[in-house]
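Any value given below was found using the heavy atoms of this structure, including those in side chains, with hydrogens, waters and symmetry copies removed. To find a chain, count down the sequence lines: A is the first, B the second, and so on, and within it residues start at 1.
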Amino acid sequence: MQRQLFQLPKEEARSSNEEAELIVQGLNREQQEAVRTSEGPVLIIAGPGSGKTRTLTHRIAYLIAAGKARPYQILALTFTNKAAREMKERIQKLVGDTAAKGMWMGTFHATFARLLRTEADKIGFTADFSIYDTDDSERILKQLMERFRIDSKQFSTRLMRSLISGAKNGLVSPAEYARLAVTEQQAKAAQLYGPYEEALRRANAMDFDDLLIRPIELFQKSPETLERYQTRWSYVHIDEYQDTNHAQYVLAKMLADKHRNICVVGDDAQSIYAFRGADIGNILSFQRDYPDAKVIRLEQNYRSTKRILQLADSIIKRNQDRLDKELWTDNREGDYVVLMEALSEKDEAQKIERTIRDLQVRLGHTYREFAVLYRTNSQSRSIEDALRRGSIPYRVVGGTPFFQRKEIKDVLAYLRLVVNPNDTASITRVINYPARGIGEKTQEELAAFARREGVSLWQAIERVEEVGLAPRAQAAVERFRFLIAQHAAQATSRPADEIARSIAEDTGILHELHQEKTEESLMRWQNVQELISGIAEFAAERGDEAGSLSAFLQDVSLMTDADGEEEDTNRVTLMTLHASKGLEFPVVFISGLEEGLFPLSMASQERKDLEEERRLFYVGVTRAQERLFLSYARSRFRYGNQEPTVRSRFLDEIDVPDVIRTEAGGMFNGRSDRFSLGASTREISYNEMDPYYYRRNLRQNGGPQQKSRTAARKSAPSSERRVVYDEDQVGIVPGMIVEHDLFGEGKVLAIEGAGDQAKATVFFKEVGQKKLMLKFAKLRRVG
DNA sequence: AGAATGGACTTTTTT
DNA sequence: AGTCCATTCT
């Protein structure tokens, strides 16, 4: 297997300087320089739409064509599988298919999973290790929390997982973390961290974080392994460098240490993954680690119109944490950015639908030129409904991808068990699905036995006779054991898809889905069938070794939303702002620009969180090439009822004249004084927020019929929203600072209902967000 | 054991 | 509105 790794490609790269020249054509001076700077560390700081990925791609092609590197000496790390695939395709076009063969190009996670497959034994894993997604990790954590009697209501498993994940990404060991833990939550996480790691190891499983930190562990333990990879990869490239975390930073540094030919591309203003440990500081550290690094700035934007860029600039200017960059473009002025106000999320969706139709009919835009962006996945629903009603074809990126569906995950869990029976998370998932009489109590006894004996759950099942279960339960476990063992025995000898089929049949999953006879279950049945044929396809494509079941399963864990989508169809694209990173569209809609949604309420308290939201807005705006629409709804359906909303502060921050117009063509002026940004304080001083803004705003912004503004204002006191916001009746309005006997001081986020039914959503400094009945809560106004 | 019922709680974003 | 959990019923 190792030999395969270092094999030379069969055909020599056809390298000539002439071809290298061809490759750099069509780039501007800075880009050409970036491409040709082939020795030593290079840092490319580049704005949106500056062709940064293209520059990186050309650089790699240039290295090959100019004969500076063989393809197998090239490592390129990207952020998504899709980016890697596209990069590879473009390079193949530039230098030829065979000349490009053998490059290592992929996401950090996929790349190091692949590396770990060949080196797993050196750190005490086997090549068939399972890859745990968030779900699996939380399943393991839940068990541990039950064991340690940690209340999962008080300390959510999700929080525990993210704390542990943070520690792992920061390369903090369990012992260290326990020492550093300050808050109660951290203390609980510290308690879980060690056992969690142990559980994974016992299950021969790695979570997403492990795929990055185990290689580091490996390289530390075995310097000669590191040496081998260092020698092999003489050119290291990293795209979207601003989104790398500490572990990724360390890995890259280790690998590039020998040749020091490392080229990274990034834009600090587009960093939107700090929540998952990404560290913008890595860009700064790069210059510290490599003082001789060549820094190249790409500031010309080739993507957007002047107006769109002006808007983007006015947004990002508000952030304190940023490197100065002057974006400019030769593109035309372009149309106004349009701000749309809607009454509800349904109305918003309908307006988007109508606008798409209009642009398509009137200006000849095709469906694939549109993208509708939103902050949270759940927002896609109303938009999907509207598009469907208008018969506009669309595709949703993300949401619940195929491999996240329950029935698929169930079958996959069985398959993972067959490959790696020690996979505890998978056992817990399916040990009693379909129901086979292994109830909670039996499972607990098995787990307890495993713990006593210090073995994995599977090993406990193998020794079920010693556990001392009731005869009926024991027989059920024995049947389960036989089922898995029987298939495991054939795992390597039979084709992957055959194993999958017989598992789906023998477990009774197919049977159960078939029997139910509902539309829903029929869909699921089809999905399972589709999975099986997918596995067959995979095996056929890859051939024996690489097409094994275990390779398939590891691949699947690393697949994401954007992958596997056919893009050639002419459809409108719906996705989250996060998923839109790196893409561009002629026409872009950014929907749901409302306080609490974008910026998300939990992210609007701390300055650094708010700035990340703002960068996200910046990313969204800069996806647009020609036309940009921003929209918000004045009420939105959330938690089962229609709640009033307030337009996003991001809109009111916009301070460039002549860039935005309302739908009716009116001028738009933001009110920048609405949310005061304490320049010197670390936190947004929410105390300074104008509590009466909401009322005034609602009255003045007379809804869709802008013309009758004055009329609307006159009749306002008795109009639509009086019930909700009538101060005399309620006394509490959103934005107000209040005090509660128990919860202390907090800010009112929203009011709903009226009279005795009135409820307030309040964000308390101490205890977080709560919804309270005004009748009982006895809120006092502060200040 | 397992289904059924009722209640609390929920929403970030993702490799 | 949906999901997850606990309790109760069969």
Side-chain angles (χ1 to χ4, degrees), chain A residues 77-84 106-113 131-135 137-138 142 146 152-153 156-159 161-162 165 168-169 206-213 240 243-245 247-248 271-278 345 373-382 397-401 404 406 432-443 470 472-473 476 554-563 575-581 592 596-604 609 612-613 615-617 619-620 636-643 761 768-771:
Chain A
L77 299 166
T78 59
F79 195 72
T80 60
N81 294 314
K82 193 177 151 215
T107 61
F108 268 92
H109 290 85
T111 302
F112 290 103
I131 296 175
Y132 277 7
D133 64 10
T134 314
D135 246 39
S137 297
E138 283 179 11
K142 224 177 97 193
E146 258 161 46
S152 64
K153 264 188 204 132
S156 77
T157 30
R158 234 184 66 228
L159 178 68
R161 204 207 85 250
S162 78
S165 171
K168 290 178 81 166
N169 277 319
M206 304 212 198
D207 64 16
F208 283 132
D209 304 319
D210 283 325
L211 295 176
L212 304 174
I213 63 175
E240 309 279 16
D243 286 318
T244 53
N245 63 29
Q248 288 167 321
S271 157
I272 52 174
Y273 283 99
F275 72 89
R276 123 187 151 187
E345 81 287 342
L373 309 182
Y374 35 79
R375 178 64 239 263
T376 62
N377 278 310
S378 59
Q379 284 167 258
S380 76
R381 217 174 116 171
S382 52
V397 178
T400 308
Q404 296 282 343
K406 186 191 173 299
N432 202 27
Y433 175 81
R436 53 168 71 86
I438 306 178
E440 214 174 314
K441 231 183 116 209
T442 312
Q443 291 184 43
R472 205 163 70 171
Q554 290 184 1
D555 254 41
V556 157
S557 319
L558 298 167
M559 288 236 266
T560 46
D561 47 328
D563 306 320
M575 62 187 154
T576 63
L577 285 140
H578 280 89
S580 77
K581 194 171 84 160
L597 184 61
F598 193 24
L600 220 46
S601 60
M602 46 230 314
S604 49
D609 293 338
E612 176 145 318
E613 293 283 302
R615 288 194 295 269
L616 191 57
F617 186 32
V619 166
R636 191 168 288 273
F637 202 70
R638 270 178 123 183
Y639 305 120
N641 38 16
Q642 197 80 23
E643 305 199 25
T761 309
Q769 192 166 317
K770 293 254 187 275
K771 199 181 254 190

Inset, instruction - Starting at the 5' end of nucleotides 1-8 of chain B, put B wherever the base has a protein heavy atom under 4.0 Å, S where only the sugar-phosphate does, and a dash everywhere else. - result: SS------

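Set against C:dC5, B:dT12, C:dA1, the side chain of A:R381 has C:dA1 as its closest nucleotide. Of the candidates B:dT13, B:dT15, B:dT14, the closest approach to any side-chain atom of A:T107 belongs to B:dT15.
At the phosphate of B:dT11, neither OP1 nor OP2 sits under 4.0 Å from any side-chain N or O atom of A:N377. Within the 4.0 Å cut-off from OP1 or OP2 of B:dT14, at least one side-chain nitrogen or oxygen of A:T576 is found.
To the nearest whole angstrom, the two C1' atoms, one in C:dC5 and one in B:dT12, are 23 Å apart. Spacing between B:dT13 and C:dC4 at atom C1', rounded to whole Å, works out to 22 Å.
Across all strands shown, A:F108 has no heavy atoms under 4.0 Å from either base or sugar-phosphate atoms.
Mapping A:D209 and A:R158 onto DNA chain B by nearest heavy atom places A:R158 at the nucleotide closer to the 5' end.
Using a 4.5 Å cut-off on side-chain heavy atoms (C-beta onward), A:R636 and A:Q379 make contact. You'll find the side chain of A:Y374 stays beyond 4.5 Å of the side chain of A:L577, heavy atoms only. Side-chain contact between A:L77 and A:T244 is absent, with no heavy atoms from C-beta onward closer than 4.5 Å. At a threshold of 4.5 Å between non-hydrogen side-chain atoms, the residues A:Q642 and A:E345 count as touching. Using a 4.5 Å heavy-atom cutoff, the side chains of A:R375 and A:L616 are in contact. When side chains are defined from C-beta on, A:R276 does not count as touching A:F208, because their heavy atoms never get closer than 4.5 Å.
Distance A:Q379 CD to B:dT13 P: 9 Å, rounded to the nearest Å. Nucleotide B:dT14 holds its P atom 13 Å from the CZ atom of A:R161, rounded to whole Å. Here the C1' atom of nucleotide B:dT15 and the CD1 atom of A:I131 are 11 Å apart, to the nearest Å. Following rounding to the nearest Å, A:R375 (CZ) and B:dT11 (C1') show an atom-to-atom distance of 10 Å. Rounded to whole Å, atom P of B:dT14 lies 9 Å from atom OH of A:Y374. In this structure, A:D135 places its CG atom 15 Å from C1' of B:dT15, rounding to the nearest Å. Rounded to whole Å, the distance from CG on A:N169 to P on B:dT15 is 14 Å. Following rounding to the nearest Å, A:E345 (CD) and B:dT11 (P) show an atom-to-atom distance of 19 Å.
Note on A:R161 versus A:E138: salt bridge recorded, some NZ/NE/NH1/NH2 to OD/OE distance being below 4.0 Å.
The aromatic ring of A:Y273 does not sit over the base of B:dT14, since the test of centres under 5.5 Å and planes under 30° is not met.
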